[in-house]
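One structure is given here, and the rest of the page talks about it.
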Protein chains: 2
Amino acid sequence: MRLDTCQGVCVHTEVVDAVNKKMESEEMLFQLADFFKALGDSTRIRILHALSFSELCVCDLASLLNMSSSAVSHQLRVLRGQKIVKYRKDGKNAIYSLDDAHVATLLEQGLEHVNE
Amino acid sequence: MRLDTCQGVCVHTEVVDAVNKKMESEEMLFQLADFFKALGDSTRIRILHALSFSELCVCDLASLLNMSSSAVSHQLRVLRGQKIVKYRKDGKNAIYSLDDAHVATLLEQGLEHVNE
DNA sequence: GGAATATGTGAGCATATATTCAAATGAAGG
DNA sequence: CCTTCATTTGAATATATGCTCACATATTCC
């Protein structure tokens with residue numbers, strides 16, 4: 001017989017049970033995954049990295065990243081959805097910035113990790 | 001004429017230039033995106049959250065998440081690739097743990113963000 | 001050596017997602 | 001009002017990705 005899951009011989013039951021009790025809810029972990037997923041795209045990372053230096057309008061971002069405004073706007077929508085960026089209107093422009101300092105900190109720490 | 005990109009009227013040139021100078025290299029930002037991408041999946045988040053409490057073998061993780069060992073192993077490969085988890089062999093078992101405390105900190109901060 | 005078990009891996013499929021294209025919305029100015 | 005321009009949005013498409021299945025590898029025990 002071949003089961004793809006473990007047959008109970010190798011499972012460290014006590015430890016698994018203890019960890020299981022401490023785990024956050026599925027719902028919470030899904031939200032956490034969605035949050036990191038929003039950070040896990042090179043376009044969105046470049047947007048956020050740029051915004052960590054200064055607030056910028058969609059046009060500025062498109063110019064900076066050498067991309068269409070449409071593509072940038074689509075990605076900003078994702079970031080707004082996760083409350084990672086916020087914006088204010090100034091005439092025809094929408095001026096985006098990081099939602100809070102917390103986000104900048106996470107980016108910093110990510111960069112530290114990448115730099116070994 | 002309709003260009004999808006901005007025609008220079010709205011671009012805050014000085015700011016864009018200043019930000020452009022401060023930006024990390026494309027290469028670095030790609031790596032950063034790949035790092036967050038590795039965190040941006042519910043299966044991998046659940047694995048990491050579990051490992052934040054205790055080291056666990058593949059079998060334990062499969063049992064805890066109610067998934068096949070194969071699926072877990074595939075995701076552990078992604079996490080290894082980003083140096084997010086490490087493992088040691090103990091007989092037939094591969095016992096995984098978070099690569100460093102840094103990762104646990106990032107998870108904590110992510111959870112704080114999700115909890116508003 | 002051979003059986004049993006835990007883990008790793010490659011191919012295939014089904015889903016998710018990033019960009020483009022076309023069009024809509026909204027604001028400023030003539 | 002009409003034009004212009006910044007931004008947003010929906011549909012379509014091409015690519016990326018997670019899981020399954022089958023098989024390979026590795027280790028322990030007989």
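Sequence lines set the chain letters: A, B, ... in the order given, protein chains first and strands last, and positions in each chain run from 1.
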Handout entry: Euclidean distance, atom CG of residue B:D90 to atom C1' of C:dT5 [Å, nearest integer]
Key = 14 Å
Practice task
Check whether any side-chain heavy atom of B:V15 sits under 4.5 Å from a side-chain heavy atom of A:D60, and report yes or no.
Solution key: no
Problem - Atom-to-atom span, NZ of B:K89 to P of D:dT28 - whole angstrom - result: 8 Å
Problem - 5′-ward residue of the pair A:D34/A:G91 relative to DNA chain C - result: A:D34
Problem - OP1 or OP2 of C:dT7 under 4.0 Å from side-chain N/O of B:R77 - result: no
Problem - Within 6.0 Å of CZ in A:F53, more than 12 heavy atoms from elsewhere - result: yes
Handout entry: D:dT17 phosphate, OP1 or OP2, under 4.0 Å from B:K37 side-chain N/O
Key = yes
Practice task
Calculate the interatomic distance between B:K86 atom NZ and C:dT7 atom P; express it in whole Å.
Solution key: 17 Å
Exercise for the section: Evaluate the side-chain proximity of A:R46 to B:E26: yes if any heavy-atom separation is below 4.5 Å, no if none is. Expected result: yes
Practice task
Give a yes/no on whether any side-chain N or O of B:S70 is located under 4.0 angstrom from OP1 or OP2 of C:dG8.
Solution key: no
Exercise for the section: Tell me whether the OP1 or OP2 atom of D:dT7 has a side-chain N or O from A:R80 closer than 4.0 Å. Expected result: no
Handout entry: B:N66 CG to D:dG18 P, straight-line distance once rounded to whole Å
Key = 19 Å
Problem - For A:L79, the option from A:V103, A:I47, A:D41 that meets side chain to side chain contact (heavy atoms under 4.5 Å, CB included) - result: A:I47
Problem - Contact under 4.0 Å: B:Y96 side-chain N or O vs C:dG8 OP1/OP2 - result: yes
Handout entry: Among D:dT7, D:dT27, C:dT19, the nucleotide that comes nearest once only the side chain of A:T43 is considered
Key = C:dT19
Exercise for the section: For the side chain of A:A94, starting at C-beta, report the closest nucleotide among D:dC5, C:dT7, D:dT7. Expected result: D:dT7
Fill in the blank from the handout: Separation of C:dC21 atom C1' from A:H74 atom NE2, nearest Å, is 10 Å
Exercise for the section: Write down the distance between CG (B:L76) and C1' (C:dT7), rounded to a whole number of angstrom. Expected result: 10 Å
Handout entry: Phosphate contact (D:dC21 OP1 or OP2) by B:S68 side-chain N/O below 4.0 Å
Key = no
Handout entry: Nucleotide D:dC29, atom P - distance to NZ of B:K92 in whole Å
Key = 7 Å
Practice task
Please tell me if the side chains of B:S52 and B:L98 come closer than 4.5 Å, counting only heavy atoms from C-beta onward.
Solution key: yes
Problem - Whole-Å distance separating the CG atom of A:D60 from the P atom of D:dC5 - result: 17 Å
Practice task
Using the closest heavy atom to pick a nucleotide of DNA chain C for each, name whichever of B:S73 or A:Q75 lands nearer the 5' end.
Solution key: B:S73
Problem - Short side-chain N/O contact to D:dT27 OP1/OP2 from B:N93, under 4.0 Å - result: no
